[in-house]
J.: 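Sharing a structure, written as structure tokens. Questions coming.
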2 protein chains.
Amino acid sequence: MTVSKTADVAKPSRAARKEPAEVAVEAAALQLGELSELLGYSLKRAQLRVFEDFLRCVAPLQLTPAQFSVLLLLDRNPGRNQTEIANTLGILRPNFVAMLDGLESRDLCTRIRSTNDRRSHILMLTDKGRAVLARAKKLVANKHEARLNELLGPANRAALLEMLATIAREF
Amino acid sequence: MTVSKTADVAKPSRAARKEPAEVAVEAAALQLGELSELLGYSLKRAQLRVFEDFLRCVAPLQLTPAQFSVLLLLDRNPGRNQTEIANTLGILRPNFVAMLDGLESRDLCTRIRSTNDRRSHILMLTDKGRAVLARAKKLVANKHEARLNELLGPANRAALLEMLATIAREF
DNA sequence: CGATATTCGGTATAGTGCATAACAATTATC
DNA sequence: GATAATTGTTATGCACTATACCGAATATCG
């Protein structure tokens, strides 16, 4: 469809009349050109794919990558408040409120008013939160990361991770 | 960070308000734990950094990564319509309209009603568009990608690009 | 041919992510 | 004790994304 007059490859002209059995010509693939050399382009495309697959793999638990990262951080860092967790994840405090509301309403974590500083809320995983996190970890490891390992191989996957961390840290 | 893309708005000064706060005690760093092994996490963080740097490097031309990719595609694929360009970049047609409006209002490209199919708009770079693209390419190559080469080394950068492309293609 | 379906660009709209300003309560500073 | 800073929060705006729908033009097919 959309046969361009300047197109390089055209169907051999069956010109006079339209033949019904002629399947529509698939448009020629566009040339990406320098785009395929642009790191940001591949980076974003890959990121979208990976997040997409993450969501699929962990769909039974209804966790987004961001929510999963929060649960992981809470498990690893008990006794921290909202600001500390949000800062570590690069989430702005105002935007972290609604996110925590969601997790707390699902009984995955709780806010506890600190006795030291009654302004701050100490965040804790609930038992259910720990259970969900454990299940999520397994899904991620066995379905998500395993698939990446299969695609790239363990060595390449490790190298990729290292380079991405370097960029995130030092770029 | 937070480089506004929409208009001539200058970047909000970072230290405008909060200069004197030279904090003495920084809170102990949180443990990332399994987060550092999660590819999607590093992937997104790296992508944000790379886009941020892209915006900085190409700031004189006021081009976002998405706009740059459109100009690149138009240059490489003359005679294509909006749907083809948008599809190639993973942009939905409705969202591509405003984007083209912006580029066209800056006289970087034009929509030309196709004579073959009067529904479709053939997209073309203007002379100014080609000039801006040429300048943008230099900025990206000399400032942006050069910095990545410096950080990773040419071989690693190529390997990274290849793996990201593989993920974007086959994952 | 003519009726129907499809495609194209476009509008409207809703959801989400991200950023800033401002506020009450609390704590730190001097 | 007066002032400044911090914490969680609300409100708000902007950009990006996704879907439904529309008129015009074209394709399909009886």
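As a basis for the values below, the full set of heavy atoms in this structure was taken, side chains included, without hydrogen atoms, waters or symmetry mates. Letters A, B, ... mirror the listed sequences (proteins, then strands); counts begin at 1. The structure displayed is predicted, hence computed values, not measured ones.
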J.: Between B/E84 (CD) and C/dG9 (C1'), how many Å, whole number?
T.: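 Result: 13 Å.
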J.: How long is the line joining CG of B/N95 and C1' of C/dA14, in whole Å?
T.: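 Taking CG of B/N95 and C1' of C/dA14, I get 12 Å after rounding.
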J.: Please say which of B/N77, B/L100, B/N81, B/V70 ends up in a side chain to side chain contact (heavy atoms under 4.5 Å, CB included) with B/L123.
T.: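 Answer to the side chain to side chain contact (heavy atoms under 4.5 Å, CB included) test with B/L123 among B/N77, B/L100, B/N81, B/V70: B/L100.
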J.: For C/dC18, take OP1 and OP2 only and decide whether either is under 4.0 Å from a side-chain N or O of B/K44.
T.: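 For B/K44, the contact criterion (side-chain N or O under 4.0 Å from OP1 or OP2 of C/dC18) is met.
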J.: Choose from C/dA12, C/dT20, C/dC18 the nucleotide whose nearest atom is closest to any side-chain atom of A/P94.
T.: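 The answer is C/dT20, which lies nearest to the side chain.
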J.: What I'd like to find out is whether the side chain of A/L151 reaches to under 4.5 Å of the side chain of B/E170, using heavy atoms alone.
T.: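 A side-chain contact under 4.5 Å exists here.
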J.: Rounded to the Å, how far apart are A/L92 CG and D/dG13 C1'?
T.: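 Rounded to whole Å, this separation is 14 Å.
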J.: Between B/R157 and B/E162, is the closest basic N to carboxylate O distance under 4.0 Å?
T.: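 Salt bridge between B/E162 and B/R157, a charged N being under 4.0 Å from a carboxylate O: no.
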J.: Please give, in whole Å, the distance from C/dT7 C1' to B/R80 CZ?
T.: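 B/R80 atom CZ is separated from C/dT7 atom C1' by 16 Å.
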J.: Atom OG of B/S69 and atom CD1 of B/I85: how far apart are they, to the nearest 0.5 Å?
T.: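 The distance works out to 10.0 Å.
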J.: To the nearest Å, give me how far apart CZ (B/R45) and P (C/dC18) are.
T.: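 So the CZ-P distance, B/R45 to C/dC18, works out to 10 Å.
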J.: Could you tell me how far apart A/L48 (CG) and C/dT16 (P) are, to the nearest whole angstrom?
T.: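 So the two atoms are 17 Å apart, to the nearest Å.
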J.: About how many Å separate CG of A/L148 and CG of A/L161, when rounded to the nearest 0.5 Å?
T.: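 If I round to the nearest 0.5 Å, the distance is 10.0 Å.
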J.: Spell out protein contact along nucleotides 23-30 of chain C as letters: B when the base is contacted, S when just the sugar-phosphate is, - when no protein heavy atom is under 4.0 Å; keep the 5' to 3' order.
T.: --BBS---
J.: Which one, C/dC8, D/dT7, C/dT11, comes nearest to the side chain of A/T83?
T.: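 Out of C/dC8, D/dT7, C/dT11, the nucleotide with an atom closest to A/T83's side chain is D/dT7.
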J.: Using a distance-only test with no angle check, is there a side-chain donor-acceptor pair under 3.5 angstrom linking B/Q82 and B/R111?
T.: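 Note: B/Q82 and B/R111 side chains meet the donor-acceptor criterion.
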J.: Whole-Å distance between C/dG10 C1' and B/N81 CG?
T.: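 From B/N81 CG to C/dG10 C1': 14 Å.
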J.: Could A/D53 and A/R147 be called an ion pair, given the rule that one side-chain N must be under 4.0 Å from one carboxylate O?
T.: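 A salt bridge links A/D53 with A/R147.
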J.: Nearest-Å distance, NE2 (A/H121) to P (D/dT6)?
T.: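 A/H121 atom NE2 is separated from D/dT6 atom P by 18 Å.
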J.: Can you see if the side chain of B/R93 gets near the phosphate of D/dT19 - specifically, an N or O under 4.0 Å from OP1 or OP2?
T.: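 No, outside the criterion.
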